[in-house]
Amino acid sequence: MDILISEDIRGKSIDSLREHYDVGVFTDLWKQPAELSRLVGNGVKALIVRNQTKVNSSILDNAASLKVIGRAGVGYDNIDVESANRKGIVVCYTPDGNTVSTAELTLSLMLALLRKIPNADIATKSGKWERFKFLGNELSGKTVGILGLGKIGKAVASRLHAFGVQLYAYDKFVQPGEEIVAKLGIELASLEKTLTNSDIISVHLPLTKETRHLLNDNTFKLMKPGSLLINTARGEIVEESSVVKALQENILKGAALDVRVQEPPVVSELEKFENVILTPHVGALTEEAQEKVVSTLVRDVEFVLSGRPALNYVNFPSYRVPG
Ligand code: MLT
């Protein structure tokens, strides 16, 4: 097998890979690390994953023929890039394809929380007509704090601008002179100021050592009582036990979490709250995003395998013979 796909990744471009390569698609292989390691060690040149396969050093140490890892998505926290570097393996990813879909899901969750849509739907389908139980709030006029003003954070900000909200953003790497900051009237602020001033907090940071558990008991205390929290980034950025506590103490009036610390999650206290919306990490799961992600990833994987430099890479563009 030349190319191994260890999760459910589909698209026309995957089919076209089969014209030149022996491609193995095993949608549940991410659940079996020992089998994954055995297969990767058996002459595989390219490994294509989404976010569920943990590509760690024990898999890579065994990967004698591997030249490229393709990550179908923007976050590559499931890949041990240092180990890949040591073995000269290129790590490719798709920084753009998911942006619009994730931003649109963020807006959907925000509006669904404000207008209590999931519960109104369940009640109405069960034959009830409880109009005032579902008295909601407008998004217009609210202050929204965006944690992480990268591509997705910016796409969320520009959509929110159309709703007439005031925007704060916490991002250590964005400069006040950036055009979008002035255009959307975003106030770049510290984490503390962003949390203190916002009615709604939306998380769009990558998962790193610095951002793991950024929202915890201490930082939740800084938030306005009655705030809303949306997380479509990574579950580990937010301590789930702190979300439960913040809901119990009415610091949070509601939360919408598309991502969890453990995926699939263990059933927790969160499932019991009516004012919590939980979705199964579907930010990037639209037909449009999948087509964009898969086609650009396949292009780069084919580039590396044929000796040409990848265009979207995390470490280096071409395979390097270790030595
Ligand atoms: C990403 O990192 O691109 C998203 O979380 C989507 C995914 O991993 O499937």
Side-chain angles (χ1 to χ4, degrees), residues 51 54 75 77-78 102 105-106 109-110 112-114 116 118-119 137 139 142-150 152-153 156-157 160 165-174 186-283:
N51 67 325
K54 304 286 174 241
D77 44 278
N78 56 319
T102 308
L105 180 77
T106 304
L109 291 172
M110 212 175 273
L113 267 183
L114 285 161
K116 307 179 179 161
N119 293 329
N137 290 101
L139 178 52
K142 299 291 179 296
T143 301
V144 181
I146 296 182
L147 307 186
L149 201 58
I152 297 173
V156 169
L160 283 171
V165 305
Q166 194 190 340
L167 290 164
Y168 275 81
Y170 163 69
D171 190 310
K172 287 185 182 165
F173 303 102
V174 173
I186 302 171
E187 178 156 351
L188 292 178
S190 63
L191 177 66
E192 192 169 294
K193 193 167 178 192
T194 304
L195 294 178
T196 312
N197 285 287
S198 302
D199 302 299
I200 302 170
I201 291 293
S202 193
V203 184
H204 302 288
L205 290 158
L207 177 65
T208 63
K209 279 189 206 114
E210 289 75 35
T211 64
R212 187 178 305 266
H213 295 166
L214 188 74
L215 294 185
N216 53 43
D217 284 354
N218 291 331
T219 44
F220 270 114
K221 281 190 196 131
L222 301 171
M223 289 171 74
K224 276 192 193 176
S227 300
L228 299 180
L229 170 72
I230 323 287
N231 187 5
T232 55
R234 283 294 180 267
E236 283 153 284
I237 298 171
V238 182
E239 282 249 39
E240 285 186 7
S241 58
S242 305
V243 177
V244 170
K245 210 162 153 197
L247 286 160
Q248 285 162 343
E249 292 172 358
N250 297 319
I251 294 173
L252 286 180
K253 189 175 176 183
L257 308 177
D258 182 50
V259 287
R260 304 294 293 278
V261 170
Q262 193 182 315
E263 295 183 5
V266 286
V267 175
S268 71
E269 290 293 301
L270 281 171
E271 278 78 359
K272 297 184 186 149
F273 289 92
E274 265 206 2
N275 47 346
V276 169
I277 300 175
L278 300 172
T279 48
H281 200 150
V282 292

query: For L228 and M110, what are the C-alpha separation, side-chain angles and deciding distance, and is it a side-chain contact (heavy atoms from CB on, under 4.5 Å)?
result: CA-CA 8 Å; L228 299 180; M110 212 175 273; 5.6 Å; no
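Judged by distance alone, with hydrogens and angles left aside, the side-chain atoms of E240 form a donor-acceptor pair with the main-chain N or O of V261 at under 3.5 Å. N119 contributes no side-chain N or O that, together with a main-chain N or O of K116, makes up a donor-acceptor pair within less than 3.5 Å. Remark: the backbone N or O of P206 is paired with a side-chain donor or acceptor of T211 at under 3.5 angstrom. A donor-acceptor pair under 3.5 Å is absent between the side-chain atoms of T194 and the main chain of G145, judged by distance alone.
Partners of E236 according to the side-chain hydrogen bond (donor to acceptor under 3.5 Å, both in side chains) rule, which considers only residues two or more places apart in sequence or in another chain, are R212. Taking E274 as the reference, nothing meets the salt bridge (charged side-chain N to carboxylate O under 4.0 Å, His left out) condition, with sequence neighbours excluded. Residues passing the side-chain hydrogen bond (donor to acceptor under 3.5 Å, both in side chains) test with D258 are T279, sequence neighbours excluded. Partners of K221 by salt bridge (charged side-chain N to carboxylate O under 4.0 Å, His left out), not counting sequence neighbours: none found. Annotation: side-chain hydrogen bond (donor to acceptor under 3.5 Å, both in side chains) contacts of S198 (sequence neighbours excluded): none.
Evaluation of the salt bridge (Lys or Arg N to Asp or Glu O under 4.0 Å) test over residues 197-210, restricted to residues two or more places apart or in two chains, returns D199-K224.
Side-chain contact check for T106 and T232: at least one donor-acceptor pair (N or O, by modelled atom type) lies under 3.5 Å. For the residue pair N137/K253, the side-chain donor-acceptor check at 3.5 Å is satisfied.
A distance of 9.0 Å separates OH of Y168 from OG1 of T196, quoted to the nearest 0.5 Å.
Here the shortest heavy-atom pairing between L229 and F220 reads CD2-CZ, 4.0 Å. Heavy atoms only, all atoms of each residue included: L109 and A256 are closest at CB-CB, 3.8 Å.
Shown are V156, N231, L147; of these, the side-chain contact (heavy atoms from CB on, under 4.5 Å) with H204 is made only by V156.
Annotation: E192, atom CD; neighbour count of heavy atoms from other residues, nucleotides and ligands within 6.0 Å does not exceed 12.
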